[in-house]
Every structure is written in structure tokens, then in C-alpha cells.
Amino acid sequence: MEIATGLLILAVGMIAGGYGTIVGAGGGFIFVPALLLLLHIDPVSASASGIVIVFINSLSAVVGYAKQNKINYRTGMFIGIGAFPGSILGVWLLQLYSSSYFYIIFATILVALGIFLFAKNSPFKILQKQRDTSIKMEADTADSALEIEARPLPLKGLLPLGFIMGVLSSYLGIGGGWLLVPVLIYFFKVPTHYATATSIFALALYSIIGVAAQFVYNNIEWMTVLWGGIGVMIGSQIGIRLSERIPSKMIMQMLSILLIIIGLRMFFA
């Protein structure tokens, strides 16, 4: 691999790591499309390398979020347990079926989710309800990790949620956090900053299965992982520091806009 290409991957990794850490999505949803669109890597190798990048990104970010005491470990553990079999199934499905429909499936999911999140977190609504938003943000900050742990989420919901995350993570190579964070926020009522940190923790657990499976199938582009891994480790630490200063609504806006842009680009790729 040429140095210029490596530096490009490193730069993409830094952006993916920082952005992915802030929104709790692991960075794969930036890194994989970049491999597909900029470097024209085949979808199987892009997904395989992407899930390794997600693992490195999430592992690096967990250290920072743990220091901030924002991880709901019980929730993350159960999601991880449910995701283990789903991760294996996702890798098997990728080996069985991967074609141009990969782009269509990926793009449709991203655009649909992005539109939903943008509608839920419209900046116009925020301007109209600025006082209410400020109150909610203060309540968000006042919550401690221990208080969140005292409100255990239903086990029967976390395990199937984890299974779905595992399938999507391994098949698409983008970690699944882009879906996990909105589900935790809107269905399980987890405060945004804790949802993103818990999502990163869960990713660190269940992405291991995807990495191991892709290693067995020999799909990973290791030079891509080397350059990208350095980038996401740097980016994740920057993202952790920035996340403390970014309001919850803005985090969801960041996620929604990015999902829509990437999805539309994938449609026309």
C-alpha cells in the first residue's frame, strides 16, 4: 500500500473515530463507505476490515467513557450476550450472499434512520422549546451511572436487540451502534450521553465475535486496518473530550445528518 493511500485511510480513521465515538456508533458507518467509495475495496473485505476498526475504536473509547462514569454496564453486557450468536450469523450471511444489493440495503437503512432521527431532533423544534431542552440537558447531566443502573432495563428486550445488532454489525461491518443508540434513547429512555457510552461498551464486546469470524474467513485487509486503527484511536480520544461539551440534541442531529448523507451517496455509488 502506498504512503499516500495509508495517510488517507488514517485521516478517514480519525474522522470516523471521533464522530463515531461522539454518536456511539463506532465509526464503521463512516469507514466502510469510505473504503467502498474512495478506495473501491470489495464489500466483503470492506465489511471485514470495518468490523476490526469498530472493535479498535470502541475499545479505545470505552477507556475514556469509563473514566466519565457514563457506561451502563448491565445493559451493555446483556446486549453483548445477545449479539454473540447474531455476529456469527451476520458473517455467515455475508459469505453466502454479497452483491450490489449490499449498497441498496445499507443505503436504505441509513437514510430511513437518518430521516427519523432528524424529524425527532429538528433544530426548529429546539428553537421553539429552548427552555425545555435546557432543563432536559441539566437533568441529563445530573443523572449518574449508578442511578441509571438502578433502573434496570427489561432483559427480554435487550437480548433480541443485541442479536439484531450482532447480525448488522458483522454483515455490514458498521458496528450497529447507529441503530442501538436511537433504540436505547427512544424505547428504553436512556439519556443520550449514557446511551452513546453504553453503545460503545456493547460494541467492544460483540464486535470481538465478528473480528474472530472474519479472521477465520481471511477477509481482513490488514494494512487498511493498521492505518485506520491508528486513526480511530486518535479520533476516539478527541471525540471523548468533545462529547462532554456537546448537548444531547446536537449529538442526535450529527448522527441523523451523517446517516442521510452517507445513505444517499451509497444509492448513487
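Phe31 is not listed as a side-chain neighbour of Val54, based on a closest heavy-atom distance of 4.5 Å or more. In this structure, the side chains of Met223 and Thr5 stay at 4.5 Å or more apart for every pair of heavy atoms. In this structure, Val225 and Ile56 have side chains that are in contact, with non-hydrogen atoms separated by less than 4.5 Å.
Tracing side-chain contacts under 4.5 Å through hydrophobic residues (I, L, V, M, F, W, Y), one never reaches Val211 starting from Val216; they form parts of separate clusters. Under the 4.5 Å side-chain heavy-atom criterion for Ile, Leu, Val, Met, Phe, Trp and Tyr, Phe84 and Phe215 are members of the same hydrophobic cluster. At a threshold of 4.5 Å between side-chain heavy atoms, the hydrophobic network of Ile, Leu, Val, Met, Phe, Trp and Tyr places Val63 and Ile22 in two separate groups.
Other residues, nucleotides and ligands place more than 12 heavy atoms under 6.0 Å from the CZ atom of Phe116. The number of heavy atoms from other shown groups lying within 6.0 Å of CZ (Phe187) does not exceed 12. By the neighbour-count criterion of 12 heavy atoms within 6.0 Å, atom CE of Met254 is densely surrounded, having more than that number from other residues, nucleotides or ligands.
Checking side-chain atoms of Ser256 against main-chain N and O of Gln253 turns up a donor-acceptor pair under 3.5 Å. With Tyr186 contributing its side chain and Leu117 its backbone, the two residues share no donor-acceptor pair below 3.5 Å. Checking side-chain atoms of Ser45 against main-chain N and O of Glu221 turns up no donor-acceptor pair under 3.5 Å. With hydrogens and angles ignored, the 3.5 Å screen pairs a side-chain donor or acceptor of Ser87 with a backbone N or O of Tyr206.
The minimum heavy-atom distance between Ile200 and Gly20, with the atom names listed, is CD1-O, 4.1 Å. For the residue pair Ser58 and Ser207, the shortest heavy atom distance occurs at OG-OG, 4.2 Å. Shortest non-hydrogen contact noted between Val190 and Ala195 is CG1-N, 3.7 Å. What you find for Ile251 and Val23 is that their closest heavy atoms are O-CG1, 3.7 Å. When all heavy atoms of Asn57 and Gly27 are compared, the closest pair comes out as OD1-N, 3.6 Å. Pairing each heavy atom of Ala66 with each of Tyr73, the nearest pair is CB-OH, 3.6 Å.
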Inset, instruction - I would like to know whether Ile9 and Leu39 meet side-chain contact (heavy atoms from CB on, under 4.5 Å); could you show each step before the answer? - result: CA-CA 9 Å; Ile9 295 174; Leu39 302 179; 3.7 Å; yes

Legend entry - From CA spacing to verdict: side-chain contact (heavy atoms from CB on, under 4.5 Å), Leu7, Trp227: CA-CA 7 Å; Leu7 292 175; Trp227 286 100; 3.9 Å; yes

Legend entry - Leu184 and Tyr194: CA distance, side-chain angles, deciding distance, side-chain contact (heavy atoms from CB on, under 4.5 Å) verdict: CA-CA 9 Å; Leu184 288 176; Tyr194 294 104; over 6 Å; no

Inset, instruction - Please lay out, stage by stage, how Gln214 and Val52 fare under the test side-chain contact (heavy atoms from CB on, under 4.5 Å). - result: CA-CA 9 Å; Gln214 295 290 7; Val52 180; 5.7 Å; no

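If you take NE2 on His193 and CD1 on Ile246, they are separated by 7.0 Å, rounding to the nearest 0.5 Å. Rounded to the nearest 0.5 angstrom, Leu205 CG and Leu59 CG are separated by 9.5 Å. Expressed to the nearest 0.5 Å, how far CG of Leu110 lies from CG of Leu179 amounts to 10.5 Å. Annotation: the span from Phe163 atom CZ to Leu89 atom CG amounts to 5.0 Å, rounded to 0.5 Å. The distance from the OG1 atom of Thr196 to the CG atom of Leu180 is 10.5 Å, given to the nearest 0.5 Å.
Considering only residues two or more places apart in sequence or on other chains, Phe55 meets the ring-ring contact (aromatic ring centres under 6.0 Å, His included) condition with none of them.
Between Phe188 and the options Thr198, Thr75, Leu161, Asn72, a side chain to side chain contact (heavy atoms under 4.5 Å, CB included) holds for only Leu161.
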Listed pairs under 3.5 Å, donor-acceptor, residues 230-243 side chains, sequence neighbours left out:
from   : atom 1 : to     : atom 2 : distance (Å)
Ser236 : OG     : Ser60  : OG     : 2.7
Ser236 : OG     : Val232 : O      : 3.2
Ser236 : OG     : Met233 : O      : 2.9
Gln237 : NE2    : Ser60  : O      : 3.1
Gln237 : NE2    : Ser60  : OG     : 2.9
Arg241 : NH1    : Gln237 : O      : 3.1
Ser243 : OG     : Ile240 : O      : 2.7

